[in-house]
Amino acid sequence: MTWHDDPYALALRAGRGPLFLRRADGRRFPLDVERWCSVADAADRSVLARCRGTVLDVGCGPGRLVAALAEQGHRTLGVDISPAAVAGTRRRGGMALCRSVFDPLPGAGRWTTALLVDGNIGIGGDPVALLRRMAELTAPDGRLIAEADPVEVDEHHEVRLDDGRGGLGAPFRWARVGPAALTRHAATAGWSPADEWSVAGRRFVELVSADAGPAPARPRPRPLQPGRSAG
């Protein structure tokens, strides 16, 4: 499919929606284009704080996380099949390739941290295949941080991007995976859960290679005092 002038590319260029994932049965799921085109928020910062070493952001979109990680001094690469997304990442000063995660990628087997956020666990419609590919890309002692659907769901469909005004993109396969299903698929693909958390209604799971043994315990953040805000 082409990603040059589809509803996704047009929404990224405008910096706003509406934009939906539309299933064949007509059900639509809204996509948060405005958040993707903004700067890292509190939920994003909870992910950034767990990144170590070199970072590969798969499905990087317009690059808010790539840019934030670069500012923190990480060597970071974004990967996206949309030329508009890659162009947006580069405009922010980040490095990005217009390529599928299943294509040959630089640094394969050496990335310290890999990211699948903003629903990108759904790429290709086969979470186990995607998670196995992520294991090939990360170092043996690396980690994968994946964002799960906020509800417990495990489904895959053929979908199209819908601009809410009659414009539709070409069909492609996509999955929606909640936290429990993500953990289950990760185990099948050779990953073990190291942490799980939620910020602002978004759910995340940190995974490490099952061969690496249990991850060290991570200190929990101190509770906020009344009147204090997170971040």
Side-chain angles (χ1 to χ4, degrees), residues 1-44 47-48 55-71 76-103 105 114-127 130 146-151 153 155-177 200-202:
M1 65 175 292
T2 176
W3 290 85
H4 287 272
D5 292 309
D6 66 294
Y8 179 65
L10 296 174
L12 290 190
R13 291 173 188 145
R16 62 182 184 276
L19 188 66
F20 305 89
L21 278 179
R22 181 187 181 95
R23 296 194 327 203
D25 62 8
R27 187 177 179 189
R28 300 192 306 182
F29 300 89
L31 300 175
D32 199 347
V33 178
E34 288 83 356
R35 178 171 61 78
W36 299 345
C37 292
S38 186
V39 297
D41 60 16
D44 296 329
V47 172
L48 300 177
V55 185
L56 180 68
D57 185 3
V58 173
C60 64
R64 74 186 190 283
L65 299 185
V66 173
L69 286 161
E71 289 176 0
T76 306
L77 177 67
V79 176
D80 205 293
I81 62 172
S82 165
V86 171
T89 300
R90 291 174 178 171
R91 279 195 298 271
R92 291 174 182 248
M95 295 179 60
L97 290 177
C98 191
R99 203 171 293 181
S100 166
V101 64
F102 295 103
D103 290 337
L105 293 175
L115 304 179
L116 285 171
V117 300
D118 297 332
N120 285 325
I121 186 65
I123 289 172
D126 186 342
L130 177 59
E147 182 171 357
D149 198 275
V151 300
V153 63
E155 61 186 30
H156 55 87
H157 299 275
E158 185 174 89
V159 299
R160 303 175 78 178
L161 288 161
D162 180 346
D163 67 5
R165 298 179 294 271
L168 293 173
F172 59 98
R173 301 296 300 176
W174 197 258
R176 293 177 62 224
V177 180
R202 294 169 63 191

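Keep in mind that what you see is a predicted model, and the values were worked out from it rather than measured. Sequence positions, counted from 1, serve as the residue numbers for this chain.
Separating the CZ atom in R202 from the CG atom in D41 is a distance of 5.5 Å, to the nearest 0.5 Å. Expressed to the nearest 0.5 Å, how far CG of D80 lies from CG of N120 amounts to 7.5 Å. Distance CZ/R160 to CZ/R22: 8.5 Å, rounded to 0.5 Å. In this structure, L31 CG and D163 CG are separated by 12.0 Å, a value rounded to the nearest 0.5 Å. For the atom pair CG of L19 and CG of D32, the computed distance is 10.5 Å after rounding to the nearest 0.5 Å. Taken from CG in L21 to CG in L161, the straight-line distance is 5.5 Å, to the nearest 0.5 Å.
Annotation for R16: atom CZ does not count as buried by contact number, only 12 or fewer foreign heavy atoms lying within 6.0 Å. Counting non-hydrogen atoms of neighbouring residues, nucleotides and ligands closer than 6.0 angstrom, the NE2 atom of H157 exceeds 12 such neighbours.
Counting all heavy atoms, side chain and backbone alike, R35 lies closest to D118 at NH1-OD1, 2.9 Å. Here the closest heavy-atom approach between residue R13 and residue A84 is recorded as NE-CB, 4.2 Å. Scanning both residues, L65 and A40, for their nearest heavy atoms gives CD2-CB, 4.4 Å. Minimum heavy-atom separation, P150 to G201: CB-O, 3.5 Å. When all heavy atoms are compared, the tightest approach of R92 to C37 is NH2-O, 2.7 Å. Here the closest non-hydrogen pair linking E147 and I121 is O-CG2, 3.7 Å.
Two residues are said to be in side-chain contact when any heavy atoms from C-beta on lie closer than 4.5 Å; P18 and R165 meet this criterion. Counting heavy atoms from C-beta outward, L168 and D162 have side chains that approach closer than 4.5 Å.
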Side chain to side chain contact (heavy atoms under 4.5 Å, CB included) between F29 and R23, intermediate numbers included: CA-CA 9 Å; F29 300 89; R23 296 194 327 203; 3.8 Å; yes
CA sep, side-chain torsions, deciding dist, call: V39, R64, side chain to side chain contact (heavy atoms under 4.5 Å, CB included): CA-CA 5 Å; V39 297; R64 74 186 190 283; 5.8 Å; no
Worked check of side chain to side chain contact (heavy atoms under 4.5 Å, CB included) between L130 and F102: CA-CA 8 Å; L130 177 59; F102 295 103; 4.1 Å; yes
Residues R99, L105; criterion side chain to side chain contact (heavy atoms under 4.5 Å, CB included); working and verdict: CA-CA 8 Å; R99 203 171 293 181; L105 293 175; 3.6 Å; yes
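Under a 3.5 Å cut-off, the side chain of T89 and the backbone N or O of G61 do form a donor-acceptor pair.
Salt bridge status for R27 with D25: absent, with no side-chain N to carboxylate O gap under 4.0 Å.
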